[in-house]
Protein chains: 2
Amino acid sequence: MTDAASSTNSWFGEVDRFRTIVLNEGMSKLNTRKSIEEMADSLFYEKGFEATSFADVAAAVGISRGNFYHHFKSKDDILDAVITRRMNKTKEMLDAWDVGATPKGRIVSFIRILIANQTKIMAFGCPVGSLTTELAKLDHVAKDRAAEIFSLFRDWLAHQFKALGHGKDAADLALHVLSRSQGTAVLASAYGDGEFLKSEVVALENWLETLPNKQLVRG
Amino acid sequence: MTDAASSTNSWFGEVDRFRTIVLNEGMSKLNTRKSIEEMADSLFYEKGFEATSFADVAAAVGISRGNFYHHFKSKDDILDAVITRRMNKTKEMLDAWDVGATPKGRIVSFIRILIANQTKIMAFGCPVGSLTTELAKLDHVAKDRAAEIFSLFRDWLAHQFKALGHGKDAADLALHVLSRSQGTAVLASAYGDGEFLKSEVVALENWLETLPNKQLVRG
DNA sequence: GTCTATATATTGATAGAC
DNA sequence: GTCTATCAATATATAGAC
């Protein structure tokens, strides 16, 4: 696990359904906005966007609801900030994976997100997949922006497959890996089944290993 | 497409984001409950459970909100009825697929749900996967009952794989097919990408075709 | 920048007339 | 069985004191 990865609270960490009040005492002014983004990120993931109210976020951060609107003008405004935050965290994580690894090793890093985040995924599913699905149902303006988080992974994966010599099929292979990981998250969450999650990770790594070896490019 | 399948409004039919009022004139009393179940089923699928209000369902059915509570005592009560309805519709569909087909042909029928329901899946995802994910986040008591819809498919698929001679791996293969279809639905919905959906269906059918041929049992 | 108080709309749910 | 009227709670959002 990289530092960039472990700092992303919506992807990592322990499940806590009883989080209530996190006091804001002594917090600098600028950091209040960051705190709101961080807690909204967690709550949107763990409760869903619709089911999370301003009161929930305000209570979790430890500020009043009124103060809230000094930092964000609407709920959609927070959603936008959360999506931006997730994109930045994702970029940090992918950048960290790029250091000192082979293309195949990087793809394995991606696959093993499922293992690293197993507890949260079994409780809340995938933060990206569940958000895009909810925003699709709401016909929300931010739906496409949320899908761009997927695109960060997709393009990064395609880049790795290109490095492995799958120039022509790289985009398809990237979407395939993304799709397999999404299905695993949905079922692991529905059943709370960690063994299934692990077995699908093994199956996906085996699939990767038995891909036709086009060529090996050090990247 | 079977009759049982095409009568399930939450799985089939055209996307209609502008459905508003469906008049209830001349409807018999007993059918009002059924109408509520049917509209709630559609709306829970298309808007999500949390985002669907009593007013939404009542307006769609064409009754007043007050009348609503004569048929259901709470929102959770409707959810329960919707889950029961979906389980019954699923059983009808699987029973229909059992008639006059080989085990492999039946599995193909399942895989091609993605094609048959492509329009709705691209707009709203999979009705089962999206509901279980939402209920998991809400920590809802009906979460496990919703997952039982998955189990109907899982057990039915496992039965087909057993008939194909995969006695030992039948359960794992069933979950794998379920997982692949879920991932396809999530990404097809996030991107609104029908070409990706079709290509994953082809890939899944190819996977099925290249499975080691254990034995062929007519079922 | 943060708070309390408040406005307004909508939520799930109830009471009682017809 | 269906309706109108209404409830209490909560939602997003605003106004203004400190």
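All chains are named by letter (A, B, ...) in the order of the sequence lines, taking the proteins before the strands, and each is independently numbered beginning at 1.
Remark: B/F150 pairs with no residue by the ring pair (Phe, Tyr, Trp, His ring centres under 6.0 Å) rule, at least two apart or across chains. With sequence neighbours excluded, no residue forms a side chain to side chain donor-acceptor pair (under 3.5 Å) with B/K143.
The nearest whole Å value for the distance from the CG atom in A/D77 to the C1' atom in D/dA13 is 13 Å. To the nearest angstrom, P of D/dT10 lies 16 Å from CZ of B/F54. Following rounding to the nearest Å, A/K47 (NZ) and D/dT10 (P) show an atom-to-atom distance of 12 Å. In this structure, the CD1 atom of B/I78 is 10 Å from the C1' atom of C/dG12, given to the nearest Å. For A/K75 and D/dT12, the NZ to C1' distance is 9 Å, given to the nearest whole Å. One can place NZ of A/K34 at 15 Å from P of C/dG1, the figure rounded to the nearest angstrom. B/F72 places its CZ atom 12 Å from the P atom of D/dT2, with the value rounded to the nearest Å. Separating the NE2 atom of B/H70 from the C1' atom of C/dC18 is a distance of 14 Å, rounded to the nearest angstrom.
Centroid-to-centroid, the aromatic rings of A/F110 and A/F153 come within less than 6.0 Å.
Each of B/R85, B/K73, B/R145 was compared with B/D80 under the salt bridge (charged side-chain N to carboxylate O under 4.0 Å, His left out) criterion, and only B/R145 meets it.
Within the 4.0 Å cut-off from OP1 or OP2 of C/dG1, not a single side-chain nitrogen or oxygen of A/T32 is found.
Look at B/K198 and B/E195 and you find a salt bridge, because one of the NZ, NE, NH1 or NH2 atoms lies within 4.0 Å of a carboxylate O, short of that distance.
The A/H71 side chain lies nearest to C/dT2 when the options are D/dT12, D/dT2, C/dT2. When distances are taken from the side chain of A/Y69 to each of D/dT12, C/dA13, C/dT2, the shortest belongs to D/dT12. Distance from the side chain of B/A55 is smallest for C/dT11 among the nucleotides C/dT11, D/dA13, D/dT2.
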Distances under 3.5 Å between protein N/O atoms and the N/O atoms of nucleotides 3-9 of chain D, please, pair by pair.
from, atom 1, to, atom 2, distance (Å)
D/dC3, OP2, B/S64, N, 2.9
D/dC3, OP2, B/S64, OG, 3.2
D/dC3, OP2, B/N67, ND2, 3.3

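Annotation: cation-pi pair B/K75/B/F68 absent, no NZ/CZ under 6.0 Å from the ring centroid and within 45° of its normal.
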Query - Evaluation steps, salt bridge (Lys or Arg N to Asp or Glu O under 4.0 Å), between B/E205 and B/R112 - result: CA-CA 9 Å; B/E205 291 186 14; B/R112 292 188 185 169; 2.6 Å; yes
